[in-house]
Asks: 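Here you go, one structure.
If you read the sequence from its start, that first residue is 1, and numbering goes on from there.
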Amino acid sequence: MTTKDTANTEFSGQNLEKMNENLRKVEDLSARLTHVMKNRAGHQKSLDGPDQSLFGQAATAYWSEAVQNPAKVLEHQLDYWSKTVQHFVEAQQTLAKGKLEAPHVPDAGPKDRRFANPLWDTHPYFNYVKRQYQLNAAALEQAVDDVTDMEPLEKQRLAYFSRQIVDIMSPTNFLATNPDALEKAVATEGQSLVTGLENLVSDLEANNGEMVVRLADESAFELGGNIATTPGKVVYRNRMMELIQFSPTTDTVHATPVICFPPWINKYYILDLKEQNSFVKWVTDQGYTLFIVSWVNPDATYADVGMEDYIVDGYLAAVREVKAITGEDQVNAIGYCIAGTTLSLTLSYMKQQGDTSIKSATFFTALTDFGDQGEFTPFLTDDFIDGIEAEIDDKGMLPSVIMARTFSFLRSNDLVYTPAIKSYMLGETPPAFDLLYWNGDGANLPGKMARQYLRGLCQRNELATTGYDLMGHHLVLDEVDVPLCAVACETDHIAQWKDSYRGVQKMGAKNKTFIMTQSGHIAGIVNPPSKKKYGHYTNDDMGLGHEDWLEGADFHEGSWWPRWESWLKKRSGKQVAARVPGDASHPVLCDAPGTYVVGKAPQ
């Protein structure tokens, strides 16, 4: 036997050993997968999605259209058939000529990042699959547009679920039609697929069988280590929150302290990810005594906790303790997202109580008028909320995994399918990306509070219309009359800027400032001046409709943070000696970021 033959034999033996090892791994992973799915099947499955009759209604409406306007539907179908047959003939001709490259046909519309691999354009097989998918997607979209005999709300839901079908059927989501996955499987001798299966099973096990793709490498971050690092102390704690006071970085500070109320759907450290983009550090560096609320991550024992508990044991308690620590009579308050919505409820309640403790209010991407539910429409109809309430009845809370899944499917290609392809088909480790780590570190919602928010505020829009009844008070937007500044984000798909603007218009404050920043729900807010990345718009005339407001707005390069700080400075009093965290009545309980922020309540 030659040296070459010996080398080939050894190489084949190594391959066989590796193959057997991978097969053993697959058998073990299959057993784990079977186990986790059996456990999931044993749990109550109350949140099965939309009423299945929706699809029947959609089909009925489409066939009704076909009967009433057959020419239009036939024209649509003939156009689709014509393009499909033409596409097939072109592909057959290419293969018959023995060409290894597909004919160059430019894609319609903007370049789709899913089809970045050159093989989608050059290889006859992949090019045919891609172009046929694009034809099918366009045909389905046209079919939905053609439906006229359907209620607008139902048609909006139909459009949403049709887009989900289009997205999930993308050829990139299947191994046999994904050139990136196939190339890597060959290059790694199948190891990428085994690693991908390991990633899939791990994600299912971590979420009790629920399909939630891990977006970031969780092992790369440590709270208080490389994120949430701004120095501070926990100076107060109750069952709802920990109050963190950050250590001063200037010799003097403005007399009026600032309290930030972040959303309790996620953790507060979105505003303190790292030193370079930390809103917390930046505000402290500008010479303010900054406090932030770190909400508890509730479990089933919080089932009866409602919005009133967040107001009394969260907002009012924080204001009371901050006043006591600083010796000031008033504070400036910030509310982010749902915490901004609740800040408006709190301000109306305090107005009726004659409490003037809040000197000014800032709202980050906060909705108070839910008249236009936008992309959330599919999730705010009775069938979906009925499912959520059944889940709450079963668990006493709304698990964070459900909220995460709902938000992810609003941007399914970016937050579901692309990460799933990288993790499960390519076998890649999720990136060490702090923002995505935070995004995956969600919090549960107490059962009662979730019901109140979804039914009274979102679905019935009571605060902006008839008023919202809470704690024996009738709360209305007109009583939000402290000087206020609202910041909304241009491409925000969670709290659209026009809806935020409309709610601010209904508030009773005489002094209103509205800023629209570029980018979305997170990047638009976490936009430090040092990056010089996103600009912002201002217009003093808030009597205009949102379109006219934007048309007449001035655009400013760079972050909105300095503009807001100039606004805040006028309402923050004289300079006083910098304050160390706590006082004799508020001993330091622990270092920031505290204990509540690391709590992961049971799913």
Side-chain angles (χ1 to χ4, degrees), residues 250 254 256 258 260 262 270-288 290 332-337 339-340 343-344 359-369 374 435 480 482-507 509-572:
T250 56
H254 293 280
T256 306
V258 180
C260 182
I270 184 58
L271 298 173
D272 189 31
L273 287 173
K274 54 189 175 185
E275 185 174 332
Q276 296 89 333
N277 63 1
S278 171
F279 179 78
V280 167
K281 183 179 186 304
W282 186 86
V283 172
T284 304
D285 287 346
Q286 307 314 302
Y288 292 88
L290 178 63
N332 290 315
I334 302 171
Y336 192 168
C337 191
L343 177 58
S344 67
K359 192 174 186 179
S360 76
T362 298
F363 299 92
F364 293 167
T365 67
L367 293 179
T368 51
D369 185 340
L435 179 59
V480 179
V482 300
L484 64 88
C485 178
V487 184
C489 302
E490 185 175 19
T491 58
D492 193 335
H493 66 287
I494 295 174
Q496 295 187 55
W497 81 266
K498 62 183 179 65
D499 301 326
S500 176
Y501 176 80
R502 189 174 60 250
V504 173
Q505 283 184 309
K506 294 181 178 179
M507 294 180 182
K510 295 180 180 178
N511 186 318
K512 300 178 186 177
T513 296
F514 189 85
I515 300 171
M516 187 186 75
T517 178
Q518 293 179 314
S519 196
H521 193 71
I522 300 300
I525 297 300
V526 184
N527 180 27
S530 58
K531 286 192 174 182
K532 300 180 181 178
K533 193 170 184 179
Y534 301 118
H536 58 279
Y537 299 84
T538 60
N539 185 341
D540 292 335
D541 189 354
M542 290 201 64
L544 302 171
H546 73 276
E547 292 179 348
D548 292 332
W549 182 93
L550 181 57
E551 184 177 349
D554 295 321
F555 177 74
H556 310 274
E557 297 285 350
S559 172
W560 57 269
W561 290 10
R563 182 176 302 277
W564 168 77
E565 194 273 327
S566 296
W567 177 89
L568 183 68
K569 184 186 299 183
K570 299 173 185 177
R571 295 156 180 85
S572 298

Asks: Hey, what do you get for CG (N277) to CG (D272), rounding to the nearest 0.5 Å?
Replies: 8.5 Å
Asks: Can you list everything that forms a salt bridge (Lys or Arg N to Asp or Glu O under 4.0 Å) with K531? Sequence neighbours excluded, please.
Replies: none
Asks: Indicate the atoms forming the closest heavy-atom contact of G503 with T368, along with that distance.
Replies: CA-OG1, 3.3 Å
Asks: For P529, check side chain to side chain contact (heavy atoms under 4.5 Å, CB included) against everything at least two apart and list the hits.
Replies: W282, S559, W561, P562
Asks: Considering residues at least two apart in sequence or located in another chain, which fulfil the ring pair (Phe, Tyr, Trp, His ring centres under 6.0 Å) criterion with Y288?
Replies: H254
Asks: Considering only residues two or more places apart or on different chains, which pairs with a residue in residues 275-284 satisfy salt bridge (Lys or Arg N to Asp or Glu O under 4.0 Å)?
Replies: K281-D285
Asks: Indicate the ring-plane relationship of F364 and Y336, choosing parallel, tilted or perpendicular according to the 30° and 60° boundaries.
Replies: perpendicular
Asks: Answer yes or no: is there a donor N or O on one side and an acceptor on the other, between the side chain of Q505 and the main chain of L544, under 3.5 Å?
Replies: yes
Asks: Please identify each residue that fulfils ring pair (Phe, Tyr, Trp, His ring centres under 6.0 Å) with Y501, with sequence neighbours left out.
Replies: F514, W549
Asks: Under 3.5 Å, side chain of K512 to main-chain N/O of V504, donor-acceptor pair present?
Replies: yes
Asks: Sequence neighbours left out, what passes side-chain hydrogen bond (donor to acceptor under 3.5 Å, both in side chains) with S360? Give chain and number order.
Replies: N332
Asks: Of all residues at least two apart in sequence or in a different chain, which pass the side chain to side chain contact (heavy atoms under 4.5 Å, CB included) check with T513?
Replies: C485, N511, I515, W567
Asks: Identify which one of L290, I334, L273 satisfies the side-chain contact (heavy atoms from CB on, under 4.5 Å) criterion when paired with F279.
Replies: I334
Asks: Would a distance-only check, ignoring hydrogens and angles, find a side-chain to backbone donor-acceptor pair under 3.5 Å from T491 to S519?
Replies: yes
Asks: I'd like to know if the side chain of H536 reaches the main chain of G558, judged simply by a donor and an acceptor atom lying under 3.5 Å from each other, with no hydrogens or angles considered.
Replies: yes
Asks: Would the distance check show the side chain of W560 and the main-chain N or O of Y534 forming a donor-acceptor pair, the cut-off being under 3.5 Å?
Replies: no
Asks: Can you name the residues that form a side chain to side chain contact (heavy atoms under 4.5 Å, CB included) with L550, not counting sequence neighbours?
Replies: W497, M516, Y537
Asks: Mind checking what makes salt bridge (Lys or Arg N to Asp or Glu O under 4.0 Å) contact with K506, not counting sequence neighbours?
Replies: D369
Asks: Taking side chain to side chain contact (heavy atoms under 4.5 Å, CB included) as the test, write out the residues that go with C489, two or more places apart.
Replies: T365, D492, T517, I525
Asks: Can you name the residues that form a side-chain hydrogen bond (donor to acceptor under 3.5 Å, both in side chains) with K533, not counting sequence neighbours?
Replies: none
Asks: Under the side chain to side chain donor-acceptor pair (under 3.5 Å) rule, what pairs show up with a residue in residues 538-548, not counting sequence neighbours?
Replies: T538-H556
Asks: Do W564 and T362 touch side chain to side chain, with heavy atoms closer than 4.5 Å?
Replies: yes
Asks: Which pair of non-hydrogen atoms, one from H521 and one from C337, has the smallest distance, and what is that distance?
Replies: NE2-SG, 3.6 Å
Asks: Does any non-hydrogen side-chain atom of I270 lie less than 4.5 Å from one of L435?
Replies: yes
Asks: Can you tell me how far apart CD (Q286) and OG (S566) are? Round to the nearest 0.5 Å.
Replies: 9.5 Å
